[in-house]
Novice: 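Take this structure first; my questions come after.
All values reported here derive from a predicted model rather than from experimental measurement. Letters A, B, ... are given to chains in the order of the sequence lines, protein chains preceding strands, and every chain is numbered from 1.
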Protein chains: 2
Amino acid sequence: MNGKAATRGEAHLSTRTRLERGRTALGPALELVHTGRAPTRAVLTAELGVTRATAGAVAAELEALGLISVDAKPSAAAGSQGRPSHRLSVAGAGPVALAAQVHADGFRAALVGLGGRIVATAPGCETIDADPAQVLGSVIEAGAQLLRETGRRCVGAGLAVPSAVAEPEGTALNPLHLAWPAGAQVREIFANCVRDAGIEGPAFTGNDVNLAALAEHRHGAGRGARDLLCVATGHRGVGGALVLDGRLHTGSSGLALEVGHLTVHPEGRPCYCGSRGCLDVETDPMALLAAVGVEPSPEGLLVQARRLVAEERADPAVRTAVEALIDRLGLGLAGLVNILNPDRIILGGLHRALLEADPERLRAVVADRSLWGRSGGVPILACTLDHNSLVGAAELAWQPVLDDPLGALG
Amino acid sequence: MNGKAATRGEAHLSTRTRLERGRTALGPALELVHTGRAPTRAVLTAELGVTRATAGAVAAELEALGLISVDAKPSAAAGSQGRPSHRLSVAGAGPVALAAQVHADGFRAALVGLGGRIVATAPGCETIDADPAQVLGSVIEAGAQLLRETGRRCVGAGLAVPSAVAEPEGTALNPLHLAWPAGAQVREIFANCVRDAGIEGPAFTGNDVNLAALAEHRHGAGRGARDLLCVATGHRGVGGALVLDGRLHTGSSGLALEVGHLTVHPEGRPCYCGSRGCLDVETDPMALLAAVGVEPSPEGLLVQARRLVAEERADPAVRTAVEALIDRLGLGLAGLVNILNPDRIILGGLHRALLEADPERLRAVVADRSLWGRSGGVPILACTLDHNSLVGAAELAWQPVLDDPLGALG
DNA sequence: TTAGTTTGTTTAGTAGCGGCACAAAGTCAG
DNA sequence: CTGACTTTGTGCCGCTACTAAACAAACTAA
């Protein structure tokens, strides 16, 4: 009868009024250490808003679970009075999450510990099969190999795909660059691969830009932001992501931040969506190559476009094209700012290169065309994390542990 | 020292990792009754995910606080077995929130009980002074009069203004229709008026469309939606609002959902923002009058535009104009759907009239131009609540009680 | 040394909830 | 009308995660 009640409880946990299980200080405490916001028990106490007794007990329990470590010797505090603190840090040899990423050029697998630390990486494959089950089977096999080599405990697996992932089905809606069928059941296929490989823990799947945003929010340029907007280009097309209050906002069916078809140039090129001048066809790598009149080479559109941006000072024609892209990106960002009012924007891929080519120009366009309550305009920053999609995929797998460490590991 | 710790705690409650105070079943339970989702203790038990014992105790405590009432006699359950439930309802003579609204035509004050019930209304003033302090003083005086007449306890006051309200300053950024100075410190002025009138409880201020969305989410057409988008026109201009997980999303500086300058007609009329074809100048009442070639009359733009829409079947020219507005509204909504992926859209003001004039056309445009994972497209509904901004203003004042009934009232 | 400051720990107490047994109030079958 | 069944509500006990407060530890400053 206990089981019955529990299942019924799970059945309709739709309303957020439901009390969450495992809502102790353990999860928040782990999250603070995980994101580097709790270097000592003293600040842990302050950040959690609990007593020193509780913070101490919580730290001890997390250490017993093998998730964090407390320095034996107090660290010499420079110029501060009082008893020095013992340093808290993520456990060196603790459990890891299995992170996987699939993209146009192949796939990659890695083990990621708490704190977003990449512990081990598998040499990624350079080509990609048209069959999702084949690809995901291979990437999981590479991950399983890493787990065997390192002997680490696994908390779960996460996969980043370059496509919108529909909720709640977990299907890849537009895996354009993978030659995968649209609507492939990636979440289910990945979960099956993980299970078949004998890997412990649950499996998760998400869009790569979403996961990059999550990673940047926790360990990169987005740290401390409350409403973080991330916009990035890959090889083709534009992706967006939004992190609100530390959680990804994927919308009701996983399709939020499909920003590719914002109009940024009314007289612009026709887009496959039927409109013209969409952000997608105006600011992606192909758009730059087309504007400059360069033929795509085999090295890859993104690499090629990035080199063009880097050369913009030398060639006036390139400079003009880059400025046009910056202006249109700025218009798109301004539109997003007026809708979402983020407190920080992070750019990746070609957009990052555009930002770095002329930060002032981009910031000026955004400021000119958007409402912003405070002075100085929205901060616009570049990504700072290597392999942020991979780290983000690991975040998905870590999430249950962060929410309820005892429930997930005990 | 307790006080010291508490103040320090309040000081930096930025991180969401902080454990919230008063996180018991009391608040969620009250919210369920408040939103009509807990008609009996049995469903309260199920919705909270607690035991019957707890739900019973919680209901008893809320009743003791004078917030809800439990029927003495069980209500005859139609066609169900087992012991019949006692009905839970919002207390008839419980506390109220003081709700105030300012708009172009004057102001209004009301007392609103739990469940969004308007308990008493003051006859609104029909003109409005150019000085915010004067106006807010008058509206609060009217509210205070209502409180004296009814003798009800007051939990706080809320104000709805037709302007974006900047956070955290609480200034009205664009009170265009009020002849108020831009940047007026409405929140502070309102709070002072409330305090000076000797009214108990905290004072809150918000944008009228935001508050309308909040009210519709809790008591109207938005009930049960997780990601609710609300778009409405008043007399001039377009306003938007987003309710996520039951909370208003106002963005980092209160300026989210400033959707007026989405481009919906690249060859359209120039907008004061510098662009052309903005949602604002293409779908507001003035846009319709201009398209039909009707001069504004003294009765008010919104009333006039609504009548035009109602007459659209009779006059082909009006019909054409209305269809153009519908198409452009649809484009704007589609853009928002691609960014926010809401699970429901609610329209108010002229937009509501446009929806009701030709629901199929609007739904078709939105479905055609937006991504949506499930079949049937995003549900688009009309507002259902009278005075939803007023009720929403009251929701602001009720929020502390809903979060922690004991802390706010005990 | 001694006082002051900050950190960590110990112990005792408490609020809020789960588990369980039982009571209450209806329906249904005969 | 009488039990059997079903569902709702209550009383009691105990557990868990916390707080409060006193104390101990480890440093700086004079």
Novice: Test B:Leu88 against every option in B:Leu62, B:Asp71, B:Val43, B:Leu44 by the side-chain contact (heavy atoms from CB on, under 4.5 Å) rule and name the one that passes.
Specialist: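 Single pass found, and it is B:Leu44.
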Novice: Roughly how far apart are B:His217 NE2 and B:Leu242 CG, rounded to 0.5 Å?
Specialist: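 Taking NE2 in B:His217 and CG in B:Leu242, the distance rounds to 10.0 Å.
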Novice: Between B:Glu63 (CD) and D:dT10 (C1'), how many Å, whole number?
Specialist: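 Rounding to the nearest Å, CD of B:Glu63 and C1' of D:dT10 are 15 Å apart.
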Novice: Expressed in angstrom and rounded to an integer, what is the separation of A:Leu44 atom CG from C:dT6 atom C1'?
Specialist: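 So the CG-C1' distance, A:Leu44 to C:dT6, works out to 16 Å.
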Novice: How close or far is atom C1' of C:dA15 from atom CG of B:Leu26, stated in whole angstroms?
Specialist: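 Atom-to-atom, B:Leu26 to C:dA15, this comes out as 12 Å.
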Novice: Assign the ring pair B:His34 / B:Trp398 to parallel, tilted or perpendicular, where the plane angle (0 to 90°) is split at 30° and 60°.
Specialist: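 Tilted.
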Novice: Has A:Thr24 got a side-chain N or O lying under 4.0 Å from the OP1 or OP2 atom of D:dA17?
Specialist: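 No, A:Thr24 has no side-chain N/O under 4.0 Å of OP1/OP2 on D:dA17.
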Novice: Only counting residues at least two apart or in another chain, list the ones meeting salt bridge (Lys or Arg N to Asp or Glu O under 4.0 Å) with B:Glu169.
Specialist: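 If we apply the salt bridge (Lys or Arg N to Asp or Glu O under 4.0 Å) test to B:Glu169, skipping adjacent residues, there are no hits.
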Novice: In degrees rounded to 10°, what angle is found between the helical axes fit to the five outermost pairs at each end of the helix from C:dT1-D:dA30 to C:dG30-D:dC1?
Specialist: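 About 10° separates the two local helix axes.
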Novice: Out of D:dT28, C:dG18, C:dT27, which nucleotide sits closest to the side chain of B:Gln81?
Specialist: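 Nearest to the side chain of B:Gln81 among the choices is C:dT27.
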Novice: Please test A:Arg247 against A:Asp403 for salt bridge (charged side-chain N to carboxylate O under 4.0 Å, His left out), starting from the C-alpha separation and ending with a verdict.
Specialist: CA-CA 12 Å; A:Arg247 305 274 162 168; A:Asp403 287 340; 3.2 Å; yes
Novice: Do you know the tightest heavy-atom contact between A:Ala241 and A:Ala213?
Specialist: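 For A:Ala241 versus A:Ala213, the nearest heavy atoms are CB-CB, 3.5 Å.
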Novice: Show each protein N/O and nucleotides 7-10 of chain C N/O combination with a separation under 3.5 Å, one pair to a line.
Specialist:
residue : atom : partner : partner atom : Å
C:dT7   : O4'  : A:Arg83 : O            : 3.3
C:dT7   : O2   : A:Arg83 : NH1          : 3.1
C:dG8   : OP1  : A:His86 : N            : 3.2
C:dG8   : OP2  : A:Ala42 : N            : 3.3
C:dG8   : N7   : A:Arg52 : NE           : 2.6
C:dG8   : O6   : A:Arg52 : NH2          : 2.8
C:dT9   : OP2  : A:Arg41 : NH1          : 3.4

Novice: Taking atom P of C:dG16 as reference, at what distance in whole Å does atom CG of B:Asp404 sit?
Specialist: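 Nearest whole value for this atom pair: 10 Å.
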Novice: Would you compute the distance between atom CD of A:Glu395 and atom CG of A:Leu114 and round it to the nearest 0.5 angstrom?
Specialist: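 The CD atom of A:Glu395 sits 8.5 Å away from the CG atom of A:Leu114.
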Novice: Does A:Thr51 have a side-chain nitrogen or oxygen under 4.0 Å from the phosphate oxygens OP1 or OP2 of D:dT19?
Specialist: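 So the side-chain polar atoms of A:Thr51 do come within 4.0 Å of the phosphate oxygens OP1 or OP2 of D:dT19, strictly under.
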Novice: So how far is it from A:Leu402 CG to A:Leu67 CG, rounded to the nearest 0.5 Å?
Specialist: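 One gets 9.0 Å once the value is rounded to the nearest 0.5 Å.
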